[in-house]
Amino acid sequence: MDAADGFGRLNDRQREAATFGARTGDGVFRAGPLLVIAGAGTGKTNTLAHRVAHLLREGVAPERLLLLTFTRRAAEEMTRRAARVAGAAHRAVRLPWAGTFHSVANRLIRRHHARLGLPESFSVLDRGDAADLMDVVRHELGFSKLEKRFPRKDTCLAIYSHRVNTQGELAATLADAFPWCAEWEAELTRLFRGYVERKLANHALDYDDLLLYWRAMMEDGALGGEIAALWDHVLVDEYQDTNSLQAEILERLKPSGEGLTVVGDDAQAIYAFRAATVENILSFERRFGARVVTLEANYRSTQGVLDVANALMRESRRQYRKELAAVRGEGPRPRLVTVADDRAQAQYVVARVLERREEGVPLRHQAVLFRSSHHSDVLELELVRRDIPYVKYGGLKFLEAAHVKDALALLRWADNPRNRIAAWRALQLVPGTGPKGAERAFTAFEASGWRWAVLKSGSREFDALMAWLADPATPWAGQMQRVREWYTPVMERRYDAADVRAGDLVQLERIAATLATREAFLTELALDPPAATSDLAADPALDEDWLVLSTVHSAKGQEWEAVYVLNVSDGSFPSEYAAGRADLLEEERRLLYVAMTRARSSLDLVAPLKYYVTAQSRMGDRHVYGARSRFLTPAVTRRLEEVVWAEGIERPAGAPAGAPVDIAARLRQMWS
DNA sequence: ACTAATGTCCTTTTT
DNA sequence: GGACATTAGT
């Protein structure tokens, strides 16, 4: 039966992981705790999908299965594949409980809102909203105008979040991750106290609250039992990137580990900054006495790529050792390309990308990866100049654009009248209303007991719009359109590039049409915003070909035929902020590993000799000489073809260069 | 009281 | 080059 339905195509290890468990005497399928260590490109998604399919075929009801993934897209992909593998009987199967920790938490909280003292229409704050709320308290406490600079709102939120997710002391968070803020411990405590109060008063939950509320529900005897009893099997993808709060939730769902499957790769743990701890996956085996299955056969990359990746990870400590072996065969050696600077780097990548396209590799099978979002700036200029379409993932988000925030603020306020942040933003859209006017209008509205009929913003049309939106009798369909119609002239008055922005609003309307309710729309958008920015000239139509630009973090789980990694030098890999901290350095190494293992056949590591410092540079010198990445040890470079590229000409490393060496600048640089 | 213009200081990665 | 505070102009 296996060969026909795909199980026959799994290798032995994959099949072992997919089918682990057995029916017991009562005919019920049971499985003990299982840890699948899945190296990059070893068919993890496929294996997990097969496991889900196996469970279904063994009689587990789809709604008795909880599948936790890192993104919603991963959940959809998994569901689709599992349904296909499971065969005819399950072709139409949907997994009602598949999603991220945060989205599942949201659903559970909505379901039990009354027992948590929340109204049905609580708001989920996205990052920006949470930071704005933090800023309100920051101002109130007078921290915004101290002689010595207090951390900014985003930093405050990051500290708060880190502490919540690590479940440790604030002092530990500060010492660990924010040493430059350590002196503000007392003030930060006051700030966070105020922030929590504000959230409660506004009926608003931030990302961390979703997890905190879930755990609180699990800690309640009756409710916790009720929730744990919902599922027989819990499967967690990307387990290496869970934090201790998430681990605690899992423990309470499946205290013995019975029915619990976790899948991940400790070598790809790259979310420590978000308080994920690789300890979770490293200690899972001991904690639960789990069966461990390791996948090492790599179906993605050629051996040349894997040799470099293996060599890189061999130098790391504390891990489940694995040697990735290519099923696809040898392939060319990855290249380490030295270029003069940013501009040369961009020119090199463009030249190579086009060359590849000539060879028949379409643009969208090629990706440029980088450590931080702005590293692609120069390249983007070059791409626009040369008229090459691209899409960028990671970095600046759709939701951070002012006009998108404006439009959403109207809906958010209508959805939850107490949402002060949304109200504040919405009211100031009225011409002639600024901070003071907004404050006045909101206070009066609050005093009236949140009655929309009493709202006096200064514009009758605005008042009418809000009352209409907030009226429970108003159907969701058409609300976004009406918002857009009211808002468009406001936008045209305030911002330039109005046509590009108008396009974003149309896209918003398109998304709105796919969701059944306003609450679903707002929550979805907060929890799973569109990943790519399309604010640049090249907005690829669907039938066109486009190059992919992505941060390494956003490239997780993906693969491309050709991959180019930018700025592979000290300062980026590893990031300058990781210097001197062993644990952070290890994460940086894993980040480079993730970047490398995205490549199927062709991998170029590009290393500029000199790069420009945009921020934080003291006056004067605007560039810095990047040292070779410390991860490129002899053991690693031995597997690389080293090349120097200048002015479109390529020569092997070590050959004499034509350009003069700027020794004077180097000498000065040492003392600047 | 609102808006526009100027000045100062910057920790990356994101559910 | 962007966020945020402060100042000047309406």
Side-chain angles (χ1 to χ4, degrees), chain A residues 68-75 99-106 124-128 130-132 135 138-139 144-146 148-155 157-159 161-162 165 177-181 206-211 238 241-243 245-246 269-276 369-375 377 393-397 399-400 402 428 430-440 458 493-494 523-524 526-529 531 550-556 567 571-579 584 587-588 590-591 594-595 612-619 622:
Chain A
L68 293 165
T69 55
F70 198 72
T71 61
R72 204 192 52 176
R73 258 190 31 220
T100 61
F101 271 92
H102 292 86
S103 69
V104 171
N106 172 58
V124 174
L125 301 175
D126 66 30
R127 239 254 309 238
D132 287 346
D135 211 34
R138 187 167 162 273
H139 277 105
S144 50
K145 37 186 156 198
L146 300 170
K148 196 143 186 259
R149 198 182 199 89
F150 192 76
R152 333 197 83 98
K153 62 180 180 181
D154 296 295
T155 312
L157 184 67
I159 296 171
S161 178
H162 192 272
N165 285 294
F178 303 89
W180 68 96
C181 300
D206 61 23
Y207 290 149
D208 305 323
D209 287 330
L210 294 172
L211 298 182
E238 308 282 10
D241 286 322
T242 54
N243 62 38
L245 201 45
Q246 291 164 318
I270 54 174
Y271 278 89
F273 71 91
R274 221 169 73 186
L369 306 183
F370 32 86
R371 172 69 239 260
S372 59
S373 186
H374 71 263
H375 286 161
D377 290 351
Y393 293 89
L396 230 189
K397 282 289 172 47
L399 290 187
E400 286 166 37
Q428 291 187 69
V430 174
T433 304
K436 285 278 189 267
E439 187 63 45
R440 208 182 318 111
R493 192 165 43 77
R494 301 189 152 212
T523 309
E524 278 299 311
L527 294 181
D528 192 50
S550 174
T551 59
V552 179
H553 284 89
S554 297
K556 179 174 184 157
N567 295 330
S572 292
F573 292 97
S575 151
E576 55 191 317
Y577 306 119
L584 296 186
E587 175 142 321
E588 298 290 314
R590 296 191 294 260
L591 206 51
V594 168
Y612 296 87
V613 187
T614 47
Q616 287 172 321
S617 66
R618 292 281 152 79
M619 36 196 273
R622 291 172 313 284

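Below, chain A is the first sequence line, B the second, and so on; all start at residue 1. On a predicted model such as this, the values are computed, not experimentally measured, just so you know.
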Query raised in the report: So what does A:Phe101 hit on the nucleic acid, given a heavy-atom distance under 4.0 Å: a base, only sugar-phosphate, or nothing?
Result: nothing
**Report entry** N-O pairing of A:Arg590 and A:Glu587 below 4.0 Å
**Finding:** yes
Report task. Rounded off to whole Å, could you give me the NE2-to-P distance for the A:His162 and B:dT12 pair? Result -> 15 Å
Query raised in the report: Taking N and O atoms by type only, does the side chain of A:Arg274 place a donor or acceptor under 3.5 Å from a partner on the base of B:dT13?
Result: no
Query raised in the report: So, A:Thr523 and A:Asn106: side-chain donor and acceptor under 3.5 Å apart, yes or no?
Result: no
Query raised in the report: Is there side-chain contact between A:His162 and A:Phe273, with at least one heavy-atom pair below 4.5 Å?
Result: no
Report summary line: Taken to the nearest whole Å, CG/A:Asn106 to C1'/B:dT15 is 13 Å
Requested in this report: Write down the distance between CG (A:Leu157) and P (B:dT13), rounded to a whole number of angstrom.
Outcome: 15 Å
**Report entry** Length of the line joining A:Glu588:CD and B:dT13:C1', which is rounded to integer Å
**Finding:** 9 Å
Query raised in the report: Has A:Ser572 got a side-chain N or O lying under 4.0 Å from the OP1 or OP2 atom of B:dT12?
Result: no
Query - Short N-O contact, A:Arg73 and A:Asp528, less than 4.0 angstrom - result: no
Query raised in the report: Of the options A:Phe70, A:Tyr271, A:Phe370, which is the one that meets A:His553 in a ring-ring contact (aromatic ring centres under 6.0 Å, His included)?
Result: A:Tyr271
Report summary line: Which of B:dT11, B:dT15, B:dT13 is nearest the side chain of A:Ser372? It is B:dT13
Query - Distance in angstrom units between A:Arg371 CZ and B:dT14 C1', rounded - result: 12 Å
Query raised in the report: Side chain of A:Asp241, backbone of A:Ile270: donor and acceptor closer than 3.5 Å?
Result: yes
Report task. Assign A:Ser575 to base, sugar-phosphate, or nothing according to its heavy-atom contacts below 4.0 angstrom with the strands shown. Result -> base
Query raised in the report: Atom CZ of A:Phe70 to atom C1' of B:dT13: distance rounded to whole Å?
Result: 11 Å
Pick out the pairs of N or O atoms, protein on one side and nucleotides 1-5 of chain B on the other, that lie under 3.5 Å.
| from | atom 1 | to | atom 2 | distance (Å) |
| --- | --- | --- | --- | --- |
| B:dC2 | OP1 | A:Gly434 | N | 3.0 |
| B:dC2 | OP1 | A:Gly437 | N | 3.0 |
| B:dC2 | OP2 | A:Lys436 | N | 3.3 |

Report task. Measure from the ring centre of A:Phe273 to the centre of the six-membered ring in the base of B:dT13, then say whether that distance is under 5.5 Å and the planes meet at under 30°. Result -> yes
Which pairs, protein N/O on one side and nucleotides 2-4 of chain C N/O on the other, fall under 3.5 Å?
| from | atom 1 | to | atom 2 | distance (Å) |
| --- | --- | --- | --- | --- |
| C:dC4 | O4' | A:Arg152 | NH2 | 3.3 |

